[in-house]
Colleague: 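Below you'll find the structure I mean.
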Amino acid sequence: MIRISTVIGARPQFIKAAVVSRAIKCFSDMHEEIIHTGQHYDENMSDVFFDELDIPKPTHNLKVNGGGHGRMTGQMMEKLEELWLETPPDMVLVYGDTNSTLAAALVAAKLHIPLVHVEAGLRSFNKKMPEEINRLLTDHVGELLLCPTPRAVELLSHEGIADKRVHHVGDVMFDAVQFYKEKAMDVELPCSIDDYVLCTLHRAENTSSKERLIEIINGLKSINHKVLLPLHPRTKATFAELEITLPENIQVVPPMSYLQMIKALSGCEFVVTDSGGLQKEAYFMGKMCITTRDETEWQELVDSGVNKLVGASAEKIKVAVEEVSSISTLPTLDSYGSGKAGEEIVRLIRNHAQ
Ligand code: UD1
């Protein structure tokens with residue numbers, strides 16, 4: 001039996017884990033336990049994903065959330081170490097770049113449990129982002145590094161990691177869109193809306209700077225469409241704290257489920273976001289994207305012209321809106337695999353376990 005301990009805690013990780021868990025379930029000699037760190041805990045940031053995407057119920061919920069990064073990561077580490085000292089798994093599986101990813105990676109490495117990192121090799125080259133630190137450290141202690149794109153493989157080789165540990169498997173989020181997009185058309189959006197732009201905003205570099213937030217909001221105000229904004233709790237708290245009033249064309253709704261997001265993507269004009277995942281999902285659903293960050297881990301989208309990187313500038317958002325409005329057909333990129341990343345990941349895990 002290959003016993004895998006999967007550690008997830010934040011919204012995008014639930015979606016990625018759903019894809020791989022489904023592929024693991026095909027093998028009777030594999031057993032997966034899911035550990036939820038508790039990083040995201042609101043019903044609409046967590047439970048809804050487990051229900052909707054049919055993810056196995058977590059065997060443990062560490063209930064660690066909020067507070068500073070050190071405290072959050074430290075508390076997760078303490079609890080994970082306790083669990084794995086008692087029952088060590090054969091492998092630890094982590095996704096992406098959150099504090100939950102880093103906590104699990106460090107504990108696995110120190111206990112000499114092989115660590116599998118899905119979404120390895122992504123870099124923004126901005127070490128002020130907590131996510132960049134998390135992914136750098138996770139990759140450097142990982143034993144099996146599974147990259148979504150050829151570029152990610154190349155970036156790892158620049159850091160001296162270019163060996164049997166590194167594989168291009170494709171993007172599990174592409175698998176997810178392929179698998180769920182038909183089903184998504186049956187769900188209801190939280191409000192009835194048409195002729196809209198889909199927007200999300202939660203990245204720390206934007207929500208912790210009043211100047212950046214105001215610029216982005218002014219950019220959104222200049223858009224000649226309604227803006228559907230499913231509001232992340234971090235951003236909601238900042239709006240309240242800074243007493244920011246939103247312009248009339250912005251329609252705020254609570255965080256949406258994965259299927260609702262896919263449906264909202266299918267009906268929108270284009271996307272404005274600072275999320276990593278949504279930049280790709282926009283492309284997978286044939287929509288142009290304006291990214292309110294200074295850099296992106298998904299550079300191939302920018303190079304091919306489907307993603308406009310504008311930082312936090314109202315003026316640049318305005319210019320980008322004009323550009324994306326004139327584009328209706330997107331080029332085809334083959335960087336993200338064929339929708340079989342989940343199967344490939346499980347095949348490599350099984351090989352590694354032998
Ligand atoms: C985290 C990840 C980020 C990922 C994002 C997806 C890190 C460093 N960042 O950012 O990579 O893209 O998740 O959403 O791990 N909160 C709630 N309810 C919740 C969840 C969070 O109120 O269900 C609050 C937290 O208490 C905190 C704030 O929102 O005050 C931010 O949450 P946090 O987990 O720190 O980071 P995210 O911004 O969600």
Side-chain angles (χ1 to χ4, degrees), residues 11-12 44-45 184 187-294 296 301-302 306-328 330:
R11 202 164 47 167
N44 55 17
M45 297 285 285
V187 300
E188 299 257 325
L189 293 185
C191 63
S192 94
I193 188 165
D194 45 42
D195 185 23
Y196 64 94
V197 168
L198 180 62
C199 176
T200 71
L201 203 53
H202 81 273
R203 200 54 76 176
E205 74 231 39
N206 287 330
T207 56
S208 59
S209 156
K210 184 169 185 181
E211 218 182 319
R212 287 182 72 97
L213 258 189
I214 300 280
E215 276 289 313
I216 294 170
I217 290 164
N218 284 339
L220 295 174
K221 191 176 169 183
S222 72
I223 296 178
N224 224 353
H225 300 276
K226 283 173 230 151
V227 175
L228 179 61
L229 177 64
L231 198 56
H232 188 287
R234 175 208 284 284
T235 321
K236 187 177 176 186
T238 314
F239 285 164
E241 196 187 316
L242 300 177
E243 296 178 353
I244 289 175
T245 322
L246 294 174
E248 271 183 11
N249 67 326
I250 300 185
Q251 165 89 53
V252 172
V253 291
M256 296 200 286
S257 76
Y258 178 70
L259 296 182
Q260 285 176 322
M261 281 302 286
I262 298 298
K263 174 137 186 210
L265 269 169
S266 82
C268 75
E269 299 297 317
F270 56 86
V271 172
V272 181
T273 190
D274 59 10
S275 149
L278 195 59
Q279 293 173 50
K280 276 177 304 158
E281 286 166 337
Y283 168 70
F284 299 152
M285 294 299 289
K287 305 294 171 169
M288 292 291 292
C289 182
I290 297 173
T291 300
T292 53
R293 287 179 49 194
D294 299 325
T296 177
L301 295 175
V302 178
V306 302
N307 189 352
K308 308 279 175 198
L309 208 52
V310 295
S313 153
E315 187 50 38
K316 285 190 184 165
I317 293 175
K318 210 169 151 186
V319 172
V321 166
E322 275 165 38
E323 286 171 4
V324 302
S325 301
S326 64
I327 300 171
S328 54
L330 274 56

Colleague: side-chain contact (heavy atoms from CB on, under 4.5 Å) between N307 and Y283: does it pass, once the steps are laid out?
Modeller: CA-CA 8 Å; N307 189 352; Y283 168 70; over 6 Å; no

Colleague: Within the structure provided, determine whether V319 and E315 are in side-chain contact (heavy-atom separation under 4.5 Å).
Modeller: yes

Colleague: Starting at CZ of R203, measure out to OG1 of T273 and round the result to the nearest 0.5 Å.
Modeller: 8.5 Å

Colleague: For residues C191 and L228, report the shortest heavy-atom separation together with the two atoms involved.
Modeller: SG-CD1, 3.9 Å

Colleague: Nearest 0.5 angstrom please: N249 CG to L220 CG, how far?
Modeller: 7.5 Å

Colleague: Look only at the side chain of D195 and the backbone of K226, and say whether a donor-acceptor pair between them is shorter than 3.5 Å.
Modeller: no

Colleague: How many angstroms lie between NZ in K287 and CG in L265, if you round to the nearest 0.5 Å?
Modeller: 8.0 Å

Colleague: Are any non-hydrogen side-chain atoms of D274 and R212 less than 4.5 angstrom apart?
Modeller: no

Colleague: Show your reasoning for whether side-chain contact (heavy atoms from CB on, under 4.5 Å) applies to Q260 and N44.
Modeller: CA-CA 11 Å; Q260 285 176 322; N44 55 17; over 6 Å; no

Colleague: Side chains of L246 and V252: closer than 4.5 Å at any heavy-atom pair?
Modeller: yes

Colleague: To the nearest 0.5 Å, what is the distance between CD on E281 and CZ on F284?
Modeller: 7.5 Å

Colleague: Is it true that a side-chain atom of N206 and a backbone atom of T292 form a donor plus acceptor pair closer than 3.5 Å?
Modeller: yes

Colleague: Taking all atoms of both residues into account, what is the closest heavy-atom pair of A184 and K263, and its distance?
Modeller: O-CD, 3.4 Å

Colleague: If you look at every heavy atom in C289 and A282, which pair is closest and at what distance?
Modeller: CB-CB, 4.1 Å

Colleague: With heavy-atom distances below 4.5 Å as the criterion, would you say the side chains of V197 and C268 are in contact?
Modeller: no

Colleague: Within the distance-only criterion (no hydrogens, no angle test), does the side chain of T291 pair as donor or acceptor with the backbone N or O of R293 below 3.5 angstrom?
Modeller: no

Colleague: Where the side chain of S208 meets the backbone of A204, is there a donor-acceptor pair that is under 3.5 Å apart?
Modeller: yes

Colleague: In terms of relative ring orientation, are H225 and F270 parallel, tilted or perpendicular, with 30° and 60° separating the classes?
Modeller: perpendicular

Colleague: Keeping the roles fixed (side chain from S222, backbone from K318), state whether a donor-acceptor pair exists under 3.5 Å.
Modeller: no

Colleague: Mind listing the closest non-hydrogen atom pair of P230 and P255 along with its distance?
Modeller: CB-CA, 4.2 Å

Colleague: Taking side chain as C-beta onward, heavy atoms only, is F239 less than 4.5 Å from L231?
Modeller: yes

Colleague: I'd like to know if the side chain of Y196 reaches the main chain of A264, judged simply by a donor and an acceptor atom lying under 3.5 Å from each other, with no hydrogens or angles considered.
Modeller: yes

Colleague: Taking all non-hydrogen atoms of both residues, which atom of H232 and which atom of L201 are closest, and how far apart?
Modeller: CB-O, 4.1 Å

Colleague: Once you round to the nearest 0.5 Å, how far does CG of L278 lie from OG1 of T200?
Modeller: 5.0 Å

Colleague: Measuring from atom CD of E269 to atom CG of D194, what distance do you get when rounded to the nearest 0.5 angstrom?
Modeller: 9.5 Å

Colleague: So, does S325 use its side chain to make a donor-acceptor pair with the main chain of V321 at under 3.5 Å?
Modeller: yes

Colleague: Keeping K308 on the side-chain end and A320 on the backbone end, is there a donor-acceptor pair under 3.5 Å?
Modeller: no

Colleague: How close do T296 and Q279 get, heavy atom to heavy atom, and via which atoms?
Modeller: OG1-OE1, 2.7 Å

